[in-house]
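Beneath this line is the structure, given in structure tokens, with notes to follow.
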Amino acid sequence: MKRITAYSLRAVLYFILIAPLLLFAAYAFSTRWFFPQPFPVEWTTITFLRAINDSRTLSSMAQGIWIAILVSVLSLMLALPAARVQGLREFRGRQLAWLLLFLPTIIPPLAIGMGLNILFLRIGLAGTIAGVVLAHIIPTLPYTIFTLSSAFARFDENYEFQALALGASPWQIFLKVTLRMMTPSLVVATLFAFLISWSQYLLTLLIGGGQIITLPILLFSAASGGNPSTIATLSLLFVAPPVMVIAFTARSLSQHDNEIREQY
Amino acid sequence: MKRITAYSLRAVLYFILIAPLLLFAAYAFSTRWFFPQPFPVEWTTITFLRAINDSRTLSSMAQGIWIAILVSVLSLMLALPAARVQGLREFRGRQLAWLLLFLPTIIPPLAIGMGLNILFLRIGLAGTIAGVVLAHIIPTLPYTIFTLSSAFARFDENYEFQALALGASPWQIFLKVTLRMMTPSLVVATLFAFLISWSQYLLTLLIGGGQIITLPILLFSAASGGNPSTIATLSLLFVAPPVMVIAFTARSLSQHDNEIREQY
Amino acid sequence: MTTVNIISLNKTYPNQPVPVLKDFSLSINDGEMIALLGPSGSGKSTLLKLITGIERPDSGDIQFDGSSILSIDPNKRGAVLMFQQSYLFPFLNVEDNIGFGLKVQGASAETIRGEVKRMLNLIGLPGIERRKSGQLSGGEQQRVALARALVTNPKLLLLDEPLSSLDTSVRMNLQEAIRNIQRELGVTTIFVTHDLGEAMAMSDRMALLLNGEIVALDKPENLFHRPRSLTAAKFMGVSTFLSGDQLTVKNEACSSSEKIFAIRPEHIRIQKEACKNSMLGVVSDCVFRGEYIEYQVDVNDVTVRARMPMPAPMFPHGEQVRVNFPQEHLFEVN
Amino acid sequence: MTTVNIISLNKTYPNQPVPVLKDFSLSINDGEMIALLGPSGSGKSTLLKLITGIERPDSGDIQFDGSSILSIDPNKRGAVLMFQQSYLFPFLNVEDNIGFGLKVQGASAETIRGEVKRMLNLIGLPGIERRKSGQLSGGEQQRVALARALVTNPKLLLLDEPLSSLDTSVRMNLQEAIRNIQRELGVTTIFVTHDLGEAMAMSDRMALLLNGEIVALDKPENLFHRPRSLTAAKFMGVSTFLSGDQLTVKNEACSSSEKIFAIRPEHIRIQKEACKNSMLGVVSDCVFRGEYIEYQVDVNDVTVRARMPMPAPMFPHGEQVRVNFPQEHLFEVN
């Protein structure tokens with residue numbers, strides 16, 4: 001009984017998650033699909049091929065991936081020391097730290113974007129990739145810090161003490177022990193950072209000021225145009241890199257699965 | 001040395017997080033502030049008072065809070081059984097389940113919104129609060145399930161077996177043991193759900209179709225108008241409920257802090 | 001209060017080739033404390049799960065006072081559990097933890113307060129009602145867990161290695177406390193452990209478990225001094241076996257036809273002089289353990305472990321000695 | 001290889017009123033194994049942290065072979081640690097775990113492979129190079145952790161309760177293994193434990209710690225049979241003290257002027273007949289513990305614990321008996 005409940009719950013969950021994807025595919029590869037037809041009548045790949053042969057599409061994807069990678073690396077570098085303090089140490093004001101950490105998730109991207117835009121215009125970062133990357137770090141950091149600090153909370157420093165007593169230098173300990181022990185959480189944190197940056201629309205638009213074009217921006221302007229096939233095609237392209245990143249993540253996690261289980 | 005590094009890192013972090021907030025406050029309560037003045041010259045509360053006396057502002061806030069509360073409750077109810085399976089059970093396809101779980105965070109809200117809009121128009125949910133709430137659950141669910149399942153992964157079912165042997169019914173066990181043990185994570189999951197729903201712009205716009213007005217939508221239309229003071233004021237109003245929710249969360253967590261430490 | 005009959009239980013977990021319990025039968029008298037002693041994987045914990053109803057047996061029956069409990073819901077069976085960890089609810093204080101069982105069964109606040117007070121006196125910790133479990137020592141937590149289990153007046157108390165995470169001295173104290181409380185209340189009890197000393201000190205009868213089967217069941221004294229089988233003897237700490245006719249030492253029985261004699265390590269004597277039933281050996285190790293010295297002596301390629309009570313003669317490593325197996329301490333096993 | 005001198009160490013943690021170590025001095029000979037025995041909070045683990053350099057002392061010095069190590073980086077001190085948990089790196093196999101210390105110190109792959117092989121033979125687990133720590137039993141993990149610590153040829157080996165999470169039989173085996181390996185390699189060792197039997201079985205000398213101070217330091221045999229002070233005697237399991245002149249039983253010394261005599265529980269005799277040095281008492285408890293029976297006898301409101309070796313006379317609960325303190329086993333403490 002319990003098992004059946006669990007299975008059907010999961011089935012419903014998967015359906016909710018996959019249904020929109022199928023809808024996109026249907027729109028992307030069909031010409032005319034009107035109410036009340038339950039399924040598309042004519043299938044075609046013309047819109048799809050036109051969209052992926054458009055140089056704007058490909059360059060926007062490349063730029064988006066490049067930005068997402070930079071954001072992932074930078075936010076991990078910032079998050080690691082902060083997460084270590086949050087996860088391992090007891091200190092007064094720890095609650096306040098958490099509160100402040102989540103501020104960026106509640107300030108709407110719009111508000112952050114406009115505030116930053118004013119600031120970046122003054123210091124010459126507006127319209128640059130550097131500016132967009134810095135802006136993306138703001139919504140990214142809370143999630144990376146949160147993920148890593150919950151891993152640090154379960155991390156046992158005695159592993160580091162062992163390595164120290166065996167003669168490893170602090171830098172060797174960091175590379176050969178700490179990073180290795182944290183790998184599963186680092187992978188998940190990278191995933192979060194990549195996904196948040198990749199799907200960022202408003203911050204890119206506001207800080208990029210029309211000079212930095214990523215796929216979400218193309219998608220939005222296509223949405224104003226209103227051709228469902230183009231929108232659906234761009235949406236499918238939009239989903240491709242994240243799916244690959246998630247697939248990679250899932251593989252890494254399953255490789256590390258045994259290690260995690262041994263560790264905790 | 002280590003301690004000083006940690007402190008200065010945190011100081012930098014806090015500055016990054018708080019700076020935009022201060023900028024809003026400066027804009028909201030000043031009249032004219034142009035480059036290259038380092039600080040506003042004239043201060044006023046007129047724009048602020050006008051904005052909060054506008055009935056549209058207040059009703060949009062009320063609607064946003066109502067929606068966020070409904071979303072939190074529903075996504076917790078959906079997430080609890082799913083998270084329990086993910087956290088406590090070993091099953092094949094667990095990695096696939098995680099992958100699918102994160103799909104909604106990568107499909108851009110725009111794409112989800114348009115797909116859902118077509119669907120909801122057909123079944124009559126477009127333009128209703130119910131429709132908006134259901135749409136908000138899609139980006140919310142991954143975070144709530146993720147938070148709760150990592151808590152379930154550390155949950156020891158023997159607490160439930162103890163209660164069972166002592167004569168508690170399954171329902172009593174759920175209410176008096178499971179929920180109580182999970183309280184800290186439930187609070188964090190609620191926080192995530194509330195914040196994600198509250199700051200949702202695109203999904204609300206697309207599904208609400210102009211009939212459901214929340215603060216982010218007002219904020220966006222104000223942004224097109226371009227009056228910095230109004231934008232800044234609305235931004236501050238936007239931040240108020242989340243700050244209260246986070247403050248409540250921080251308090252709950254610190255109350256439960258001892259219990260968490262005992263537990264794990 | 002309750003006699004327990006376990007009849008021909010069988011249990012195999014899915015995806016496991018070997019059954020965890022094989023035709024397992026055991027009768028427990030009213031108010032008796034039975035110790036189940038066995039290595040991990042011998043089926044001890046599975047048995048407890050079947051009794052509480054967390055798992056269901058493949059076949060067989062469990063009866064309390066002659067009537068089957070298999071069709072009764074787990075929360076109505078009246079079999080309470082105590083684990084190695086206390087599993088005190090961290091969000092409740094001591095009073096609410098102990099009162100939990102009464103509360104979910106609908107007792108009044110007054111009754112609960114009275115009963116909690118009575119239990120706290122019984123476990124020797126009066127006045128700690130308001131404390132949280134984190135403020136208690138490991139031993140105190142286990143006492144409170146015992147009180148929480150017993151306050152519901154259970155038919156059967158199941159103890160699953162309740163002391164194995166405690167320090168030696170606390171453990172000794174709690175052994176006495178649990179034994180005294182159990183006898184005072186007269187509650188039928190199954191005590192699972194892998195510690196021989198604990199099983200002997202606590203139980204009225206001991207059941208030795210191996211691979212889901214009982215290999216011996218008797219009073220501790222009988223099992224300790226005269227185990228009937230080779231397996232049981234090994235369980236009870238005997239490591240020296242002799243084949244009877246030639247009196248040669250061996251660690252294992254090799255043929256089933258010959259008679260095997262066993263001797264406890266504390267009865268073997270190490271000495272310089274030859275005598276009846278003695279063999280030549282070389283001291284390979286000698287460890288001071290307080291009340292006795294443990295010698296390891298190599299006799300014909302077999303290591304004999306002997307415990308000599310203090311004051312004992314000291315033989316250095318490598319010394320040639322005589323290992324003496326006094327006739328009166330040799331017993332036959334099969 | 002190394003003599004260790006610990007000189008007048010003081011350490012107080014911030015926010016704690018009481019010092020953890022008070023003017024703590026200890027000299028350890030080359031190749032010696034010293035056991036530090038004490039309850040939790042007595043400063044044992046802090047001492048290890050000061051030696052490895054994880055913490056710094058407030059004052060005092062630690063010297064290896066006569067030269068201070070306080071100014072040496074923690075990773076250059078040559079003091080290796082082994083904890084209660086193995087802390088084997090879960091992402092490395094056994095070979096890479098054992099070779100870790102050599103690798104970070106820049107040894108060649110060949111050297112590492114050879115040394116790992118040598119260590120695996122030493123710990124009695126040859127051929128398990130490719131296994132992961134999760135595939136090893138608790139005892140095997142601790143053996144590998146020992147190999148990992150010893151392969152770097154350390155000046156000092158620090159063992160922080162390395163056996164307390166293991167089952168009794170595995171524990172006994174590992175006690176022998178560690179002691180033999182330590183003697184074979186002749187590495188100076190500090191062994192921290194709260195288990196008296198373990199400390200006695202393993203060490204050349206034992207230091208009894210209480211509240212950051214050494215209350216006694218001697219060979220295990222001497223401490224066990226003739227502890228000089230009341231505190232040391234209690235550490236060693238003595239619970240019966242008599243004030244000398246009137247021969248009255250007491251659990252505590254009350255006045256400092258009178259002479260106090262102590263006696264080990266296994267030397268007290270319970271019998272029916274009166275004799276010299278005997279007192280009247282009532283049996284309050286009697287527990288069968290295999291090789292002996294533990295009696296608790298109430299004598300003048302004081303509970304005397306006696307261990308009678310088997311075969312022992314059986315006295316039921318409530319029986320009036322004579323408690324006999326043989327003259328030759330009484331010793332004075334102060």
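In what follows, every chain begins at residue 1, and chains take the letters A, B, ... in the order their sequences are listed. None of these values were measured; they are calculated from a predicted model.
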**OP:** Start with the C-alpha distance between A:Gln172 and D:Asn75, add both sets of side-chain angles, then the distance that settles side chain to side chain contact (heavy atoms under 4.5 Å, CB included), and finish with yes or no.
**Re:** CA-CA 11 Å; A:Gln172 282 174 320; D:Asn75 58 333; 5.7 Å; no
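- Taking 4.5 Å as the heavy-atom cut-off, the residues of residues 103-115 of chain D that approach chain A are D:Lys103, D:Val104, D:Gln105, ordered by number.
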**OP:** Test side chain to side chain contact (heavy atoms under 4.5 Å, CB included) on A:Thr183 and D:Phe91 and set out the steps.
**Re:** CA-CA 10 Å; A:Thr183 303; D:Phe91 44 85; over 6 Å; no
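- Nearest heavy-atom pair across D:Ala79 and A:Ala165 is O-CB, 3.6 Å.
- Chain A forms more heavy-atom pairs under 4.5 Å with one residue of D:Leu81, D:Ile54, D:Leu158 than with any other, namely D:Ile54.
- Inter-residue side-chain proximity for D:Pro90 and A:Met181 is flagged as met; some heavy-atom pair is nearer than 4.5 Å.
- Here the shortest heavy-atom pairing between A:Asn158 and D:Phe83 reads OD1-CZ, 3.6 Å.
- Using a 30° and 60° split on the angle between ring planes, A:Tyr159 and D:Phe89 fall in the tilted class, from 30° to 60°.
- In this structure, A:Gln162 and D:Tyr87 approach most closely via the heavy-atom pair CG-CB, 3.8 Å.
- Within the 4.5 angstrom heavy-atom criterion, no atom of D:Leu102 approaches chain A.
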